[in-house]
Each structure stands twice: as structure tokens, then as C-alpha cells.
There are 2 protein chains.
Amino acid sequence: MSVLNNAADVLRCFGNDCPDLTVSDVVRLLGMPKANASRLLKAMREANMLETIGDSHRHRPGRLMLDLAAAYRRSSLLIGRASEVVAEASATYGHTGYISVRDGKEVTAVADFQGTNALRVVSNIGRRLPAHLSATGRSLLARLGEEAVHALYAGHGALTDLSEQLSKVRHQGFAYSSQEATPGVDAIAISVADPRTDEAVSLCIVYPHALVDTKGRDEMIAALAKGAARIAEDLGDSAFVAPRI
Amino acid sequence: MSVLNNAADVLRCFGNDCPDLTVSDVVRLLGMPKANASRLLKAMREANMLETIGDSHRHRPGRLMLDLAAAYRRSSLLIGRASEVVAEASATYGHTGYISVRDGKEVTAVADFQGTNALRVVSNIGRRLPAHLSATGRSLLARLGEEAVHALYAGHGALTDLSEQLSKVRHQGFAYSSQEATPGVDAIAISVADPRTDEAVSLCIVYPHALVDTKGRDEMIAALAKGAARIAEDLGDSAFVAPRI
DNA sequence: CGAGTCGTTCCATTAAATGGAACTTGAGTT
DNA sequence: AACTCAAGTTCCATTTAATGGAACGACTCG
């Protein structure tokens with residue numbers, strides 16, 4: 001195949017929890033001849049797609065890659081609008097907030113707002129999560145039709161569970177999880193879309209379970225909902241469901 | 001040359017304030033035949049390096065690129081340590097904070113912490129700044145020797161000015177700017193390095209000029225300095241200069 | 001409709017990627 | 001210091017992909 005696909009495969013290796021790569025890591029992970037791996041990493045280095053850590057043989061993403069997530073954010077009016085809402089909510093309640101997008105069965109945070117409370121959930125922006133196992137992911141999956149979800153998760157064991165959860169999300173207008181991915185951590189998420197560009201984002205607040213009761217949670221949902229409703233109206237997102245608390 | 005360099009050139013186009021690219025943008029900016037540009041963007045799309053916005057012909061960085069800045073952060077102990085310090089300072093004083101790295105004559109933020117004050121400086125993470133025109137950049141340039149700076153800025157008009165500013169930074173142990181890049185915005189920055197990996201980062205706080213007097217500024221410098229000194233000690237950064245206020 | 005712009009496809013030419021093997025480099029041993 | 005093993009780089013003939021001019025579709029606007 002072309003170098004470009006190999007380069008993309010190398011970059012994908014950083015996705016999981018692999019902080020750096022050597023030539024032999026690439027050989028092992030991608031099964032390519034080591035002559036190729038060596039030249040590929042060299043070419044990527046020279047293109048600033050990779051850089052070595054110190055003078056070791058370990059590679060990490062290059063400086064060129066650092067700006068791109070920001071360019072992605074700037075490309076989208078929706079993300080900008082959503083960020084304002086979550087930044088406001090995060091500052092008000094002191095909890096960490098995110099904006100996430102879905103990519104197939106995964107979600108990635110594209111913007112984060114660190115909480116200010118002494119006990120706060122630490123931001124994990126840029127780490128991919130399975131969409132069906134997080135509130136933010138389910139808030140985005142709920143926007144798909146029942147059939148689309150079935151197609152996406154065909155043959156997946158958790159499909160029936162997921163369908164139930166999603167219809168609840170569709171009815172309520174928000175997604176909620178309590179100590180699901182991380183013990184002691186709850187999350188609320190509301191999604192909104194821009195029909196002109198087919199983008200959908202999730203507005204999410206993550207907080208320590210012990211710190212927030214139902215009343216506090218509903219207050220935050222209302223804050224996100226108000227902002228999201230405003231965005232939905234301005235951009236013409238007719239599929240938006242105002243949360244019922 | 002190879003596709004890889006062309007792909008890197010395309011990605012570089014997003015650096016400035018170009019939120020999206022079309023085939024003809026690429027033709028214009030890079031001067032390549034449009035047949036090549038068309039195929040290149042197609043290949044990059046298929047490798048998830050780019051994606052189209054909605055069903056238009058405009059391209060933005062692809063989902064693959066969103067995780068890479070996070071991988072960069074995870075690759076570096078220094079960035080992690082520095083982030084803790086700036087997050088703490090940002091939460092305490094309510095102003096926006098950054099961690100930045102230098103790349104030649106430019107600096108890029110790799111992590112940001114939004115302030116919580118009603119009047120706060122909005123984060124511009126991922127946007128490149130000229131190193132010599134920002135406090136964060138000068139705090140990093142000051143770590144280079146006098147000669148290295150001369151070599152880097154050879155033939156540059158602002159070199160004599162810069163040299164003076166840098167020796168002040170070296171003596172004080174911190175960089176300060178008042179309404180330099182943006183009217184009404186001041187910044188303080190302190191750099192620290194990891195000698196094992198040759199990395200240097202800048203810890204920076206950005207705040208509205210009108211909100212902070214000299215005493216308040218010195219308090220924040222002290223907070224950053226305390227954290228930076230701890231990092232310098234733990235990692236063995238012998239070049240670190242404790243700020244004199 | 002017709003002119004203009006933009007994007008894609010076609011094809012022969014040219015240039016780069018490939019992978020096996022030989023060769024270096026560096027860390028740890030005896 | 002010589003030895004060994006693993007990791008990385010370079011070499012070279014072969015295969016494969018990139019290149020760019022030109023022709024072809026798709027859209028927009030007067």
C-alpha cells in the first residue's frame with residue numbers, strides 16, 4: 001500500500017495507551033519488515049509527523065500534530081458554541097466538562113474544561129472511549145435511529161441493553177451514568193447537532209459521585225440543557241429533545 | 001518528493017488561521033498540479049488524516065489527528081508535572097494557564113487550563129506564536145545560550161532588543177509581558193526542563209491587565225516558581241533559576 | 001443556455017516504496 | 001577487551017505507486 005496508510009497506521013498506534021514507539025514496536029504492531037519501519041519512521045520524522053524523545057530511539061507525535069486538534073475545533077461553529085456552554089457550566093459548578101464527538105463506536109473529547117473543586121475528575125481529553133459504555137457516547141448514539149444503532153452494533157452482545165438505555169436517553173433528552181467507567185465518577189451528557197454539516201457533539205459534565213445529589217445533578221442538566229437548546233434553535237437542530245427532569 | 005511530505009505540507013496549512021481546505025486551496029497554497037491535490041486529499045481522507053465537513057468539499061483534520069496531542073502529553077513526564085502546577089495556579093487565581101513548548105522560533109501550547117473569573121483570557125491552545133513576542137516564548141529562549149539565540153535569530157531585526165529582554169529573563173528567573181500580543185492582557189512565564197530528554201516547557205499564566213496589580217502578579221509568580229523549582233529539583237534541571245521577585 | 005470554476009479520472013512516464021540480506025551500533029556479559 | 005545479542009540502518013534489484021498534462025463531469029451564476 002502507500003506510505004500514507006502506513007504512516008496513518010503508525011499514528012493509530014498512539015491511540016491506546018502507548019506513549020511512544022520504536023522501530024521494533026512498529027514491526028511488532030504492524031507486522032512490517034524492519035527496513036520499512038526504519039525508513040517510514042525516518043520519513044515521518046523529517047516531515048515533523050514524529051519526533052524522537054531526547055536522543056533515544058523512542059518516537060512520539062511531532063510538533064506538526066499539536067496544532068491539528070485546535071484546527072478541528074476552529075473548523076466547527078458547533079464545537080465553539082458547545083464549548084461556551086460547557087465552559088460556563090464547568091466554571092459555575094467547579095466540575096470538569098468536555099465536548100466529545102463520535103467516530104463509529106468510539107467517542108473522543110475535542111475540548112475539555114478542568115474543574116476547580118478540590119475533588120475533581122481529571123480530564124482525559126484525547127483518549128478514545130467505547131461509545132456504548134459512556135454517557136457522552138450514548139447521548140450521541142441516541143441521535144442515530146434505532147436501525148442505525150442495530151446496524152452499527154450488529155452481533156454485539158450488549159445490543160439489547162444498549163437499545164433500552166438509548167430509548168431512555170431519547171425520552172429523557174439526556175444521558176446519565178453513575179460510576180460506570182470509573183468508580184466514584186458520575187457523568188451527564190446532552191447532545192446537539194448542526195444539520196448543515198451533519199456534525200453532532202456531546203456536552204458533558206463529569207463529577208465525583210459523593211459530591212452531588214439528585215437535585216444538584218438536575219441543576220447541572222438544566223444548565224447544559226438551556227445552552228444546548230439555544231444552540232439547537234440557532235442552528236436548526238430539529239432532532240433536539242429538551243431534557244425532562 | 002514523497003506523498004508523506006506533501007501530506008505534511010497539507011497539514012501545515014491548517015496552522016495559520018485556515019480552518020478548512022479545498023482542493024483548489026491546496027493547489028494555490030502549495031503550487032501542486034490539481035490532479036495531485038485531488039488524489040492526495042482523497043488518500044488522506046481514506047487514511048483518516050482528513051475528513052470533509054458535512055458533504056461539502058471542505059476538509060479539516062481527521063479524527064485520527066485528535067488523539068495525537070494527548071499522546072504527546074502522555075509521552076512526557078515533564079508536561080504532566082508542569083500541568084499539575086499550572087492547573088493548581090489556574091484554579092487558585094481564576095486566570096487561564098498554559099503549558100507551551102518551543103519549536104524553532106515558534107511556541108505552541110500543549111495544554112491549557114481555562115480561567116474561571118468572569119473576565120478571563122480565552123485559551124488559544126494549538127495556535128503558534130512567534131517565540132520572541134511572547135513571555136512564554138522568551139522564557140524558553142532564555143534557556144538557550146546567548147550564542148544559540150544569535151544563531152537562531154541571525155539577521156533578524158529584533159535581535160538586539162531580544163538579547164536584552166532575554167538577559168533580564170535569565171536574571172529574574174521569569175518572563176513577563178504586559179499588553180504585548182493582545183491589548184489588556186498580561187502574562188507571566190517560567191520555564192523548566194528535563195535534562196534526560198532535553199525537553200523544556202514553559203508554565204504560563206495569562207490574565208487581564210486591569211485585574212491584577214504588581215503584588216498579585218508576584219504572588220502568582222511565586223506560586224508557579226514554587227512548583228517549577230520542585231520539578232527542577234526532581235528531574236535534575238541544573239539550569240533552573242529560582243525567580244527573584 | 002453558455003462561461004467559468006472546481007473537482008475527478010485517464011494514461012504514459014518517472015520516481016519512490018519494498019523486503020531480503022548485509023552491515024552498524026549499543027548494552028550487557030564473560 | 002573481546003563476545004554476544006538485540007535494535008537500527010543501509011544497500012540493491014524489483015515492484016509498485018506517484019506524477020502532471022489533458023480530457024471529462026458537476027455546479028454556479030449571469
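Letters go in sequence order (proteins before strands), and every chain restarts at 1.
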Next item on the list: Give B/Ser24 one of three labels, base, sugar-phosphate or nothing, depending on what nucleic acid heavy atoms sit under 4.0 Å from its own.
Entry: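 It contacts sugar-phosphate atoms only.
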Nucleotide nearest [X] (side chain, heavy atoms from C-beta), chosen from [options]:
X: A/Asn36; options: C/dG19, D/dT10, C/dG7; answer: C/dG19
X: A/Pro33; options: C/dA17, C/dG19, D/dG21; answer: C/dG19
X: B/Val3; options: D/dA18, D/dG21, D/dT9; answer: D/dA18
X: B/Thr22; options: C/dT9, C/dG20, C/dG7; answer: C/dG7

Does a nitrogen or oxygen in the side chain of [X] sit under 4.0 Å from OP1 or OP2 of [N]?
X: B/Ser2; N: C/dA17; value: yes
X: A/Lys34; N: C/dG20; value: no
X: A/Asn6; N: C/dT18; value: yes

Please determine whether a side-chain nitrogen of the Lys or Arg among [X] and [Y] lies less than 4.0 Å from a carboxylate oxygen of the Asp or Glu.
X: A/Lys226; Y: A/Glu88; result: no
X: B/Arg63; Y: B/Glu51; result: yes
X: A/Asp25; Y: A/Arg58; result: no

Note to self: Here's a test of your reading of the structure: between A/Ser38 and B/Leu40, which maps to the more 5' nucleotide of DNA chain D?
What the structure shows: A/Ser38
Checklist line | Residue pair B/Leu4, A/Leu4: steps toward the side-chain contact (heavy atoms from CB on, under 4.5 Å) verdict | finding: CA-CA 6 Å; B/Leu4 213 54; A/Leu4 213 54; 4.2 Å; yes
Check: Does any N or O donor sit under 3.5 Å from an N or O acceptor when you compare the side chain of B/Arg39 with the base of C/dG7?
Finding: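 Side chain to base: no pair present.
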